[in-house]
Amino acid sequence: MLCSEPWSEGCGSIAHTPLLDPSPSVSESSRYQPQAIETGWQRAWQENGLHDTPELKPGDDAFYALSMFPYPSGNLHMGHVRNYVITDVVARVQRLRGKKVLHPMGWDAFGLPAENAAIERGVDPGAWTDQNIASMREQLNQLGLSIDWEREVATCHADYYRWTQWLFLHFLDSGLAYQKDATVNWDPIDQTVLANEQVDSEGRSWRSGALVEKRKLRQWFLKITDYAQQLLDDLSQLDGWPERVRTMQANWIGRSTGAELQFTVVDAAGHDTAERITVFTTRPDTIFGASYVVLAPEHPLVAELTTAEQEIAVEAFCDLVSRQSEQERTAEDKPKRGVPIGAQVRNPANDELIPIWIADYVLAEYGTGAVMGVPAHDQRDFLFARQYELPVQQVIIPEGSDEHAFEGGAWTEGGVLIHSGRFDGLPNGDAKQAITSAAAAEGWGQEKVQFRLRDWLISRQRYWGCPIPVIHCDSCGVVPVPADQLPVELPQGANLAGKGGSPLAQLENWVNVSCPCCGQPAKRETDTMDTFMCSSWYYLRYSDATNTTRPFSEDAVNSWLPVDQYVGGIEHAILHLLYSRFFTKVLRDRGLLGFDEPFQRLLTQGMVQGITYKNPHTGKYIAPADVADPTDPRDPASGEVLETFYEKMSKSKYNGVDPAVVIDKYGADTARMFILFKAPPEKDLEWDDADVEGQFRFLQRIWRLVDGACERGLSLAAGAGGPEAVVQALAAGSLNPAEQELRRAVHTAITEISDDLDGDYQFNTAVSELMKLSNAMGTHLENCGEVFACEALRTLLILLAPFAPHLAEELWLKLSGRNAGDALASSSIHAQRWPAADASALVRDTVTLVIQIKGKVRGNLEVPADADKATLEKLALESDIAAKWLEGKTPSRVIVVPGKLVNLVP
RNA sequence: GGGAGCAUGGCGGAAUUGGUAGACGCAGCGGACUUAAAAUCCGCAGACGGCAACGUUGUGGGGGUUCAAGUCCCCCUGCUCCCA
């Protein structure tokens, strides 16, 4: 494709805008004005299709660079900028290296903000979302991201969620989607249920922050527990993931090995009944110390086994517990409460009769909903037993110690068994195995692997989400909507008051349908899906985003995926990343794709923090603009000294920096360079205006450097400074000292930057290498001949191109001698090849040899680079340094590290 | 309580396999240019002592391994995150 209309006038295309350049003294040369070049290049790249995804042919080297797609809130913040700039640099580097790159973008567009906006302002959530998408796309484009917008997806558009529904039906068909009555997390503010992953460690909703309540409701679940073992095992494949994230997922899945043991319920006379209570324990070795059994208040046997005398107390207790959150029930600092239900069980290990209790700290959803209470060896049981005066029986003691030594608390460490009949004297590790085996042989237990992970609750009682495509029929039950009737579109006109139940349920015309099976009147499902369902497969859709017959073709998905580099926030370490891994495995098992893991490498970028001022007395945050003197920050109202620190940018702390303002002032290239340079990508980044200024100065220096080269008449036309020209010049004659220095700087930069962009991404040091190269060019360029000067210029610009794409492109044009109207597809700097380092340019004749005396550095010598060990030792011993510090003594030991140092040990 | 990670100048951060600690930048200081300022250019800069040459010391604290430790091992302290 040709650039139809030259938008720039070539070298010196920048108009001398008097407003921005009041100084007449520089009128001879142009100035770096990013505002004047960036939008033009963005449009030119777009029109020339520079970021279109190339078609993949067999054997092609493909690279998939992906950012976590944003929720279209309408406002781009610095966290987004950091995320997308990092991914963009990765994508651009891979293109320069000759890879075929897929770098897409889309919108995680269902969810509550749109619905809340609709409630508050009476707007249509779809229209509101589309408007936000348009404005955010515009903001993203100002960053100069090399995104292929042809593959854009929005999860709230029917051409996308149609396939979310289609995939849901696959889950349903394979028995992995089901409905059940369950005690679930209820968010009283957002009026909907939440998945366990969406409740934080304080028992609050990840979105609204409300304290989550428990409710018993009929809900849809996905059987992620079926994949618990695989999700855990395959973490070991993910060596391109941060260790941290892998540990977090492993903890979340929470595999523990233990045993299920059965306690027989006895009647009032002490005779065995047919009823048994199965407990799960990770400590079968302590069964002889069990002094009671506890059921969750919700356990089905509670009603059946409670005796008449205890009925009132038990009912009252269950009522009390039902109003508590899971957090309140299990928090370690809360007292544990319980009541006996009157019945007893027989301990299968020693035939003792022990009472059955119910207690708040036992949860129906975990394990079997029943545990054995062993006060001597579990701290929670110990506190419970002490409170209710239940017996405490030591059954494990450290070898050689006294059984009464630990009566102040539970002994939870290892030891040997006592009071355990035939198992006495066994180390407790062995006893776990022995007791479990005995239980299995005698029919009262078995080994059991337990996961902490629970099934994923995916239904939501909200409007703005993907409708669950099933129909409830009185005679046929749950009937999937036939695939050819998808999508089940979200109906218009729902009342989104945000109170009580699914808004869709009120739309009778929509709800009432005939059963696809029997034709009788039936009702649609009125819950919508958790938005995490929509985001669990979007990365697959990008491979084939416009397919109208399938979510993606097998061919496309298998040739582009898995994602080579995924970039996003650590906050998704569990939620999105776990769900996506689960989806991938299910779809693999359904034959829809051919890989086990969706994301090969993961980079979790740190937060962007803003400078924050807080009055320590009033607790109020003060806007930086209101602080008169940043070196002595004071409250403008009271004059009190303020606390200064860096914290994640947020409106309420007045510490945010708007990307648009920064781009207006300095341009996107400066913003990109700053963000990449200021901190390593995975660390938090402190936004600092002075550093941004410094970054802008660096880009200006590069501009002036190239400008000077232009004035000198240097041009990169016809391959000047390219590899062939360099080879010829090297063959033709020797280099002057400046040329040698310059070439060393150029090829050091290539080596170091290539290294920094390989494997572990170290953009910060890559940028500093660019600065070193530009510094060296400032020193040496004028003393260098044309060929080597051009080699340096060419290299600098290509190395700079992924970081500051607009500036590099503009300067490339300035030096190219070509017309701005030439086809960009091949002439753009972004269509060039990453330079190769010439090792011979790094070779030195002499090196600096460090002389150490007894391990301390005492000086250095210039020595021939090829000197052997014996020569180095001789030179060191003969040196003034040795003479001064050895005082005539002969060293007893000499360590020589060629090229580095000689250590003389007297 | 269990697990993971981190700790380097005034600040952000660099430092192959252990081999000159502090690259690069910000802030600072000195100088040049300017009537002046801004911008730009050149230079200085861990701390302590010294006019200087130079010396001592120095990567949270303590110990160890080694010719040599920011880097490896052990203990401690502090911070961050995850799980309880």
- Query: Taking for each residue the nucleotide of RNA chain B bearing the nearest heavy atom, is the 5' side occupied by A:Asp688 or by A:Val897?
  - Reply: A:Val897
- Ranking A:Met771 and A:Thr247 by the position along RNA chain B of their nearest nucleotide, the one closer to 5' is A:Thr247
Under-4.0 Å side-chain N/O to phosphate OP1/OP2 contact, [X] with [N]:
| X | N | answer |
| --- | --- | --- |
| A:Arg244 | B:C81 | no |
| A:Arg697 | B:A27 | yes |
| A:Asn775 | B:G25 | yes |

In whole angstrom, give me the gap between the [atom1] atoms of [N] and [M].
| N | M | atom1 | answer |
| --- | --- | --- | --- |
| B:C74 | B:A23 | C1' | 32 Å |
| B:G22 | B:C41 | C1' | 25 Å |
| B:U20 | B:A15 | C1' | 11 Å |
| B:G25 | B:U40 | P | 13 Å |
| B:G10 | B:G46 | C1' | 11 Å |
| B:G70 | B:A7 | C1' | 11 Å |
| B:C75 | B:C44 | C1' | 42 Å |
| B:G55 | B:A21 | P | 13 Å |

[X] side-chain N/O to [Y] backbone N/O, donor-acceptor pair under 3.5 Å:
| X | Y | value |
| --- | --- | --- |
| A:Thr765 | A:Phe763 | no |
| A:Asn903 | A:Ile895 | no |
| A:Asn655 | A:Glu647 | yes |
| A:Trp241 | A:Phe599 | yes |
| A:Gln35 | A:Lys665 | yes |
| A:Asp455 | A:Thr225 | yes |
| A:Asp234 | A:Gln237 | no |

- Item | Closest non-hydrogen atom pair between A:Phe280 and A:Thr368, with its separation |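 The pair with the smallest heavy-atom distance is N-OG1, 3.4 Å.
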- A:Val843 and A:Arg744 have their tightest heavy-atom pair at O-NH1, 3.2 Å
- Message: For B:G43, does the O4'-C1'-N9-C4 or O4'-C1'-N1-C2 angle fall within 90° of 0, making it syn, or is it anti?
- Response: anti
- Note on the structure: Writing each nucleotide of RNA chain B 5' to 3' as (, ), [, ], | or . by Watson-Crick or G-U pairing under 3.5 Å yields (((((((..(((......[....))).(((((.......))))).((((....))))..(((((..]....)))))))))))).
Among [options], the nucleotide that comes nearest once only the side chain of [X] is considered:
| X | options | answer |
| --- | --- | --- |
| A:Val857 | B:C81, B:A21, B:G19 | B:A21 |
| A:Lys772 | B:C24, B:C26, B:C81 | B:C24 |
| A:Ser768 | B:G19, B:C82, B:C24 | B:C24 |
| A:Val850 | B:U20, B:G19, B:C82 | B:U20 |
| A:Thr848 | B:G19, B:U20, B:C41 | B:U20 |

Which atom pairs link the protein and nucleotides 8-14 of chain B when you take only N or O atoms and keep those under 3.5 Å?
from  : atom 1 : to       : atom 2 : distance (Å)
B:G12 : O2'    : A:Lys678 : O      : 2.7
B:G13 : OP1    : A:Lys683 : NZ     : 3.4
B:G13 : O3'    : A:Asn764 : ND2    : 3.3
B:A14 : OP1    : A:Asn764 : ND2    : 3.1

Separation of [N] [atom2] from [X] [atom1] (nearest whole Å):
| X | N | atom1 | atom2 | answer |
| --- | --- | --- | --- | --- |
| A:Arg255 | B:G2 | CZ | C1' | 19 Å |
| A:Glu682 | B:C6 | CD | C1' | 12 Å |
| A:Glu243 | B:C6 | CD | P | 11 Å |
| A:Leu901 | B:G19 | CG | P | 10 Å |
| A:Leu383 | B:G1 | CG | P | 15 Å |
| A:Ile895 | B:G18 | CD1 | P | 16 Å |
| A:Arg454 | B:C83 | CZ | P | 13 Å |
| A:Gln249 | B:C82 | CD | P | 14 Å |

- Would you call A:Asp684 and A:Lys648 a salt bridge, using N to O less than 4.0 angstrom? no
- Item | Matching residue for A:Leu685 among A:Arg82, A:Met78, A:Gln609 - test: side-chain contact (heavy atoms from CB on, under 4.5 Å) |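 That would be A:Arg82.
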- Query: Who passes salt bridge (charged side-chain N to carboxylate O under 4.0 Å, His left out) against A:Lys874, sequence neighbours left out?
  - Reply: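 So A:Lys874 forms a salt bridge (charged side-chain N to carboxylate O under 4.0 Å, His left out) with A:Glu878.
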- Message: Name the residue from A:Phe677, A:Tyr32, A:Phe674 that meets the ring-ring contact (aromatic ring centres under 6.0 Å, His included) definition with A:Phe696.
- Response: A:Tyr32
- Task: Just call it for A:Arg858: base, sugar-phosphate, or nothing, with non-hydrogen atoms closer than 4.0 Å on any strand.
- Result: sugar-phosphate
Hey, can you pull the donor-acceptor pairs under 3.5 Å for the side chains in residues 848-857 of chain A, sequence neighbours left out?
from     : atom 1 : to       : atom 2 : distance (Å)
A:Thr848 : OG1    : A:Glu862 : OE2    : 2.7

Please determine, by modelled atom types, if [X] and [Y] share a side-chain donor-acceptor pair under 3.5 angstrom.
| X | Y | value |
| --- | --- | --- |
| A:Asp689 | A:Tyr666 | no |
| A:Gln229 | A:Asp233 | yes |
| A:Gln387 | A:Arg337 | no |

- Heavy-atom donor-acceptor pair, A:Gln852 side-chain to B:G19 base, under 3.5 Å: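 Counting by modelled atom types and ignoring angles, a donor-acceptor contact under 3.5 Å is found here.
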Which atom pairs link the protein and nucleotides 57-60 of chain B when you take only N or O atoms and keep those under 3.5 Å?
none

- Task: Encode nucleotides 44-49 of chain B as B, S and - characters from 5' to 3', where the letter depends on protein heavy atoms closer than 4.0 Å: B to the base, S only to sugar-phosphate, - to neither.
- Result: ------
